[in-house]
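Reading through the structure tokens given below for one structure.
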Amino acid sequence: MADLDRPHDVNPAQWAAITEPGARLLIVAGPGTGKTHTLTYRLMFRLRQTSPKKKFCAITFTQKAAEEIKMRIARSPGAESLMPRLVTGTFHSVCLNILKDAGPLSGLPEGFRCVDPDQALGVSRSLWPGESDRKLRERMDAMSRWKAIVFSGPVPDDVAFYNAQLRQRGLLDFDDLLCETLYFLKEHPAVLSDLRADIPEIFVDEYQDVNPVQHAFLMLWVGEKGGITAIGDPNQAIYGFRGSDQRFFKSFSDDFPGARRVTLCDNYRSGQTILAASGQVMARDADAVVPDLTAQLYRAGKLTVFEAATDKAEAEYVVHQIEKLVGGTSMFSQDSGRVGAETGAERSFGDIAVLYRLKAQARLLKQALDRMGIPYYAAGERKDGEDGPESVCPSRYEEFSAAAERVSLMTLHASKGLEFPVVFIVGCEENLLPLNLAGLQAEVREERRLFYVGMTRARERLYLLRAKKRLLFGQTCHSQVSPFLKDFEDGLAEYEQAVMKNKKRAPGDEQMSLF
């Protein structure tokens with residue numbers, strides 16, 4: 001790469017991003033466009049173009065992503081000269097190292113430790129005895145949001161009390177790592193100056209997920225002269241409920257003057273039909289800028305919309321389709337005619353994911369899968385099985401690793417960053433997508449982005465399912481179809497059984513209308 005010859009596994013747009021000579025760059029990378037691939041090559045390019053005395057830092061949102069970047073560079077030619085100059089980690093681990101290196105200067109308890117969410121809940125139980133775990137989690141979520149969004153000025157009483165009690169125990173929580181590092185660097189300009197000199201450029205993954213305290217930390221580190229390369233997709237910004245703000249993506253050139261911008265549009269994941277439908281759904285957001293993604297794997301992709309009478313029938317349909325995809329899971333499948341004896345094993349269980357908005361939707365799916373002996377993995381389950389606001393999405397510290405040869409069950413939030421040959425999205429109904437239930441409401445534009453994320457997890461087959469009647473949280477709901485299913489052209493999908501859209505039907509066509 002030193003001679004600027006484009007590698008065979010890099011397309012022209014990626015190469016333009018990789019070799020951009022300026023130190024400030026925003027890469028808009030839609031789903032399946034090679035985000036990590038491009039960011040890693042860009043990082044190696046900048047390392048080789050810069051003084052060997054300088055280090056670079058790659059900041060991610062999960063340790064898994066940080067390790068992937070590190071491993072890719074470790075396998076590259078000349079890695080032995082690059083690796084000593086590379087710092088990788090999550091926002092939290094990078095800040096932890098800064099505070100640890102500061103020692104007593106940080107003003108934190110000597111040998112402080114970080115508590116995970118379960119340990120933090122245990123501390124909260126001792127501070128507010130008598131409150132239910134649900135109430136405690138709500139209190140902790142509110143404190144976490146304050147630390148992520150406000151983090152300066154007058155400190156709320158409960159935050160001050162909670163922090164003081166943690167410090168007495170020699171503890172910090174995860175949110176403290178960002179806040180305390182920001183406070184420390186502002187109060188010690190000499191330390192900040194040394195940090196900028198030692199690591200003059202930083203690389204940030206999933207920039208659309210940055211929250212205000214993370215943004216303030218990056219702005220402080222980069223300053224007026226530092227370099228920053230950020231990559232992400234504002235159309236996949238789905239964590240507003242925990243403080244992430246996609247506006248920072250849009251204000252990048254103002255925050256970092258002189259920054260260039262490159263957009264990646266070649267998709268190496270999904271069939272063109274799936275890309276077209278998902279793009280049309282996203283384009284209904286008037287404020288969204290949707291890149292015209294082009295499929296590079298030359299597969300058409302198949303989109304199926306199915307309407308079930310009940311949530312149980314919806315689960316049975318999922319199981320039936322899985323049986324057909326894998327060639328049948330039992331003799332009963334063939335004896336009953338559910339799957340023909342001649343059906344071949346087109347897919348394995350590990351190729352399939354079933355996505356839903358709320359964890360409560362998984363119960364009937366599990367029962368149906370269990371009945372047919374289909375192995376599955378349910379991501380991000382709470383030990384107590386409680387459903388509530390916390391079950392709308394996965395824990396912010398949770399990471400998913402695919403389980404081989406098992407069907408993956410997970411929330412739409414948990415699916416971000418993953419991909420599967422076959423994806424089912426169940427519960428495509430007006431009160432689930434977008435979410436609008438008592439005590440569980442979400443912002444419609446973010447829900448649209450969440451649906452877009454779910455659709456673009458699919459490589460070859462995407463099933464969108466809805467039930468006319470659903471039992472949820474002890475109540476029977478009669479729901480209309482999700483408005484998102486009306487946002488792509490009729491001709492892109494197959495409408496099975498009772499889900500044919502309003503259109504002229506040929507004589508003998510017995511399918512009914514969905515809308």
Side-chain angles (χ1 to χ4, degrees), residues 61 90-93 95-96 99-100 106-184 209 211-214 216-217 239-245 358-360 379-399 411 413-414 435 437-443 472-474:
F61 278 86
T90 64
F91 275 98
H92 297 100
S93 66
C95 288
L96 174 62
L99 294 175
K100 290 286 189 183
S106 70
L108 297 171
E110 184 177 356
F112 70 85
R113 297 182 296 108
C114 290
V115 293
D116 63 29
D118 288 337
Q119 293 169 328
L121 179 61
V123 173
S124 294
R125 288 190 185 111
S126 68
L127 302 183
W128 291 284
E131 284 195 2
S132 68
D133 280 0
R134 182 188 293 273
K135 286 292 185 182
L136 287 174
R137 288 191 183 97
E138 290 175 356
R139 183 190 292 272
M140 292 172 65
D141 283 346
M143 292 191 294
S144 178
R145 285 182 62 83
W146 185 89
K147 292 180 181 182
I149 298 174
V150 183
F151 62 81
S152 62
V155 181
D157 291 342
D158 55 353
V159 175
F161 176 57
Y162 173 69
N163 280 357
Q165 294 299 312
L166 285 180
R167 301 302 180 271
Q168 287 183 14
R169 294 165 168 81
L171 303 174
L172 275 71
D173 65 17
F174 282 104
D175 298 302
D176 289 333
L177 292 174
L178 270 297
C179 294
E180 293 292 348
T181 302
L182 184 62
Y183 303 153
F184 169 67
D209 294 334
N211 65 30
V213 71
Q214 292 164 343
F217 170 66
Y239 297 118
F241 63 91
R242 71 186 190 204
S244 299
D245 194 336
L358 296 174
K359 291 182 183 178
E381 292 192 325
R382 292 259 302 276
K383 293 180 180 179
D384 58 9
E386 180 182 351
D387 259 312
E390 305 85 0
S391 71
V392 173
C393 50
S395 161
R396 66 181 148 273
Y397 309 116
E398 177 186 284
E399 294 182 15
T411 64
H413 282 92
L435 186 65
L437 299 172
L440 295 173
Q441 291 87 27
E443 199 269 325
L472 199 60
F473 303 132

Proximity of His92 and Phe61 rings by center, below 6.0 Å: no
Ser126/Arg169 under side chain to side chain contact (heavy atoms under 4.5 Å, CB included): CA gap, chis, key distance, verdict: CA-CA 12 Å; Ser126 68; Arg169 294 165 168 81; 3.6 Å; yes
Atom of Phe151, atom of Ala216 and distance for their closest heavy-atom approach: CZ-CB, 3.9 Å
Side-chain heavy atoms of Asp209 within contact of Gln214, under 4.5 Å: no
Arg113 atom CZ, neighbour heavy-atom count above 12 within 6.0 Å: no
Backbone N/O of Leu121 and side chain of Arg125: donor-acceptor pair under 3.5 Å: no
Gap separating the CG atom of Leu472 from the CG atom of Leu358, nearest 0.5 angstrom: 6.0 Å
Gap separating the CG atom of Leu96 from the CG atom of Leu178, nearest 0.5 angstrom: 11.0 Å
Ring geometry between Phe161 and Trp128 (parallel below 30°, tilted from 30 to 60°, perpendicular above 60°): perpendicular
Heavy-atom side-chain contact between Leu99 and Phe112 under 4.5 Å: yes
Under 3.5 Å donor-acceptor, Ser144 side chain and Met140 backbone: no
Side chain to side chain, Asp175 and Trp146, heavy atoms closer than 4.5 Å: no
Shortest non-hydrogen contact between Leu435 and Leu440, atoms and distance: CG-O, 3.4 Å
Shortest non-hydrogen contact from Phe473 toward Ala360: CE2-CB, 3.8 Å
Minimal non-hydrogen separation, Met143 against Asp158, with atom names: SD-O, 3.6 Å
Non-hydrogen side-chain atoms of Ile149 and Val213 separated by less than 4.5 Å: no
Pairwise side-chain contact, Gln165 with Tyr162, heavy-atom cut-off 4.5 Å (strictly under): no
Phe174 six-ring centre to Lys147 NZ/CZ under 6.0 Å and within 45° of normal: no
Nearest heavy-atom neighbours spanning Asn211 and Gly243: CB-O, 3.3 Å
Cys114 vs Leu171 side-chain heavy atoms within contact, under 4.5 Å: no
Sidechain N-carboxylate O distance under 4.0 Å for Glu180, Arg167: yes
Main-chain N/O of Asp173 paired to Asp176 side chain as donor or acceptor, under 3.5 Å: yes
Heavy-atom check, side chain of Glu138 versus side chain of Ser132, under 4.5 Å: no
Distance-minimising heavy-atom pair for Leu136 and Ser124: CD2-O, 3.8 Å
